[in-house]
Amino acid sequence: MSKGTGIENLQHETRRFPPSAEFIAQAIAKPELYQQAQTDRLDFWANQARELYWHKPFTKTLDYSNAPFATWFEDGELNVSYNTLDRHVLAGRGERIAIYFEGENGDTRTYTYAELLAEVKKTANAFASLGLVSGDRVAIYMPMVPEAVIAMLATVRLGAIHSVIFGGFSAESLRNRINDAEAELIITADGGYRKGKVSALKPAVDEALADDSCPSVKNVVVLKRGGNQVGWVQGRDHWWSDVVDSASSEHEAESFGAEHPLFILYTSGTTGKPKGILHTSGGYLTQAVFTHKNVFDVHPEKDVYWCTADVGWITGHTYVVYGPLANGVSQVIYEGTPDSPDWGRWWQIIEKYKVSIFYTAPTAIRTFMKLGREIPDKSDLTSLRVLGSVGEPINPEAWIWYRDVIGGNSCPIVDTWWQTETGAIMISPLPGITSTKPGSAQVALPGISIGIVDEEGKKVTSGGGYLTINEPWPSMLRGIWGDPERFQKTYWSQYPGLYFAGDGARIDDDGDVWILGRVDDVMNVSGHRLSTAEIESALVSHPFVAEAAVVGATDETTGQAIVAFVILRADQVAAAGSDSDVSKLLRDHVAKEIGPIAKPRQIMVVSELPKTRSGKIMRRLLRDVAEDRPIGDVTTLADTTVMDVITGKLAAGATD
Ligand code: PRX
């Protein structure tokens with residue numbers, strides 16, 4: 001069940017890192033939080049929600065009468081953009097830096113809260129002048145620049161709904177998401193800097209919209225960033241500077257109901273089609289603010305915070321845009337990749353801006369660990385005081401390295417478990433309270449009720465099982481865009497009354513939780529979620545391919561890596577050429593269909609796939625091949641010799 005993350009063997013970890021007395025003395029989160037939440041969970045969340053600015057205060061906390069559909073703070077009204085910006089300016093914090101922007105090419109810019117508010121107001125006016133109104137959908141396909149954040153906040157200021165699409169997705173993926181959300185407005189750029197080059201974004205938008213294939217789209221706003229030549233459709237396309245620069249910087253934020261949709265974010269599930277996860281306003285912001293402040297021990301008046309996630313992922317939504325800005329902290333936004341111009345870049349940024357709170361993914365930590373401590377050791381990292389990890393299990397070795405080399409052996413590490421669907425952190429230590437344990441996400445946050453159950457849904461108090469969430473939480477997804485049935489079936493049907501997260505987990509003798517990784521057909525590659533079915537369907541869409549099976553094989557650096565097995569169509573074998581030619585061609589094909597992030601590490605051309613008598617592909621056996629392990633039990637195969645054929649062919653290929 002663990003898919004070989006290796007963590008299952010390490011639950012007897014004995015190392016503990018209690019917070020220092022100095023840290024405890026200044027910590028935001030106090031142990032009473034757990035007690036308060038235990039005594040009255042709903043009252044606890046209502047108190048957290050009152051930390052926000054409500055245009056109209058709520059009187060009801062939770063309505064779960066139509067379970068699993070929940071509403072939180074339903075009769076309250078607020079404006080999320082107002083909470084992230086206007087509020088600070090009105091309280092006299094307008095001169096505080098909101099964003100330190102570091103472009104990959106060396107450009108830098110800073111925005112105070114007052115400046116960011118002025119930009120968001122202008123942008124909201126510009127979007128409104130293009131006809132955008134409350135409830136409309138806006139697709140944002142941008143590099144990691146401040147305008148991406150501005151576009152998100154301007155959208156929600158008007159009550160419109162954004163759907164950010166990561167720049168690493170292809171035109172085809174973009175088209176599917178635009179059409180599913182029926183977006184009217186697209187915000188993009190002529191390019192952004194990545195790995196020392198300008199990566200093009202506008203051509204993908206043009207390709208996605210070609211031949212009227214996205215009929216809902218009326219306007220495209222294009223930011224000048226990379227200086228690329230771009231195609232232009234008169235009337236549809238507008239330069240950002242043309243529409244925003246001349247717009248008024250006066251804009252009063254209207255209030256919207258707490259359950260007003262805030263954003264849709266597409267994520268991979270177990271089927272071929274990504275799901276549009278819907279989040280709404282009041283509950284989402286409540287949990288974003290609470291978790292950001294308490295998990296990272298944010299002291300907005302003095303901390304400099306940096307989360308390395310792109311706004312194309314949920315981490316970028318909650319812990320770059322909504323949580324940090326609503327909490328009024330100063331943060332770094334970096335456009336590019338960690339290796340540009342060299343692997344010292346991140347650590348130089350930490351030194352330059354005196355970053356005190358740093359949040360990243362285990363893949364990055366493992367990559368740096370392999371490169372050696374000499375690189376981070378060149379920079380002064382003594383400003384750091386809290387380190388976070390997210391997106392995939394962190395192995396104890398990487399955890400210790402992170403603490404020792406990056407955190408100077410003194411920073412608490414918070415290993416935060418959550419998902420696009422949960423909207424905000426659910427399981428994590430609280431620095432200043434929890435004695436941390438390498439490799440374990442440890443405990444549910446105050447106000448969150450989780451469980452680990454067995455196959456039958458019975459509670460497991462020690463050992464392994466499936467991770468569930470037992471009670472609704474404020475930032476829970478409100479549904480799947482346009483598909484309420486799928487929401488119920490995907491998350492709530494396995495164990496009645498419980499939310500099934502799709503992860504395996506173990507609970508150790510101290511009651512600490514260890515996340516073991518996905519137990520469904522979702523892969524986690526470098527902390528990015530990808531579905532096996534989606535990649536299989538991209539592969540079979542190529543005329544050479546008759547059948548395909550994809551597995552996530554354990555990878556030392558990226559957690560999992562995509563390995564595909566394909567059977568070629570008999571009449572195409574000659575045209576396909578050598579196995580290595582066809583493998584290259586199909587990898588490129590997947591990149592075109594889904595995006596470069598979905599490119600398989602390896603494609604193996606085989607003549608058979610292992611199937612049960614009912615025709616189900618036995619991925620477990622393919623994973624054995626991909627991980628170069630002895631093949632497991634084959635007795636349930638319809639044809640037990642098939643694995644010999646596969647391994648025989650691959651072995652022959654290896655010696656060719
Ligand atoms: O498998 C879990 C893993 O990432 C999945 C959620 O992916 P996504 O919706 O893209 O959100 C990622 C960022 C929140 C989960 O089902 N995951 C996330 N955090 C952790 C984790 N696995 C282990 N430890 C974590 N801290």
Side-chain angles (χ1 to χ4, degrees), residues 1-3 5-8 10 164 166 168-169 263-270 274-277 279 287-288 291-292 295 307-320 322-323 359-366 387-396 398-399 402 413-429 436-445 450 466-469 475-477 480 490-491 499-506 512-531 534 552 558-560 597-598:
M1 191 189 70
S2 73
K3 290 189 177 174
T5 56
I7 285 184
E8 65 275 27
L10 294 160
V164 185
F166 177 60
F169 282 115
F263 65 83
I264 304 166
L265 184 60
Y266 286 85
T267 189
S268 296
T270 50
K275 300 175 286 208
I277 302 298
H279 283 287
Q287 200 171 326
T291 53
H292 180 254
V295 171
C307 165
T308 63
D310 189 284
V311 289
W313 308 106
I314 191 69
T315 309
H317 283 59
T318 312
Y319 298 107
V320 174
Y322 295 107
Y359 191 29
T360 194
T363 292
I365 300 163
R366 287 191 291 264
L387 300 176
S389 172
V390 62
E392 34 172 342
I394 176 161
N395 45 313
W399 193 103
Y402 194 26
I413 296 184
V414 286
D415 175 7
T416 61
W417 178 87
W418 58 295
Q419 309 178 299
T420 306
E421 291 87 339
T422 70
I425 299 171
M426 303 292 279
I427 307 177
S428 170
T436 56
K437 188 186 274 185
S440 166
Q442 297 191 291
V443 281
L445 289 182
I450 60 158
Y466 302 94
L467 182 63
T468 59
I469 306 172
S475 64
M476 68 194 268
L477 74 163
I480 294 174
T490 309
Y491 304 104
Y499 169 91
F500 174 51
D503 280 309
R506 227 168 241 277
D512 284 328
V513 172
W514 295 73
I515 309 292
L516 302 176
R518 304 289 303 197
V519 292
D520 51 12
D521 292 328
V522 171
M523 294 174 290
N524 191 330
V525 181
S526 304
H528 297 153
R529 221 165 121 166
L530 293 158
S531 110
E534 205 179 339
T558 59
Q560 286 189 308
I597 54 163

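Just so it is clear, the structure is predicted and the values come from calculations on it, not from any experiment. Just follow the structure's listing: the first ligand is 1, and inside any ligand the first atom is 1.
In this structure Ser531 satisfies the side-chain contact (heavy atoms from CB on, under 4.5 Å) test together with Ser268, Ala533, Glu534, sequence neighbours excluded. Asp512 meets the salt bridge (Lys or Arg N to Asp or Glu O under 4.0 Å) test with Lys437; sequence neighbours excluded. Glu392 is linked by a salt bridge (Lys or Arg N to Asp or Glu O under 4.0 Å) to Arg366, counting only residues two or more places apart in sequence or in another chain.
Ring planes of Phe263 and Tyr322: parallel class, angle under 30° (limits at 30 and 60°).
Shown here for Ala444 and Ile450, the closest heavy-atom pair between the two residues is CB-CG1, 3.8 Å.
For ligand 1, the 4.0 Å heavy-atom shell contains residues Ile314, Thr315, Val390, Gly391, Glu392, Pro393, Asp415, Thr416, Trp417, Trp418, Gln419, Thr420, Asp503, Ile515, Arg518, Asn524, Arg529.
Leu477 CG to Lys275 NZ: the interatomic distance, rounded to the nearest 0.5 Å, is 8.5 Å.
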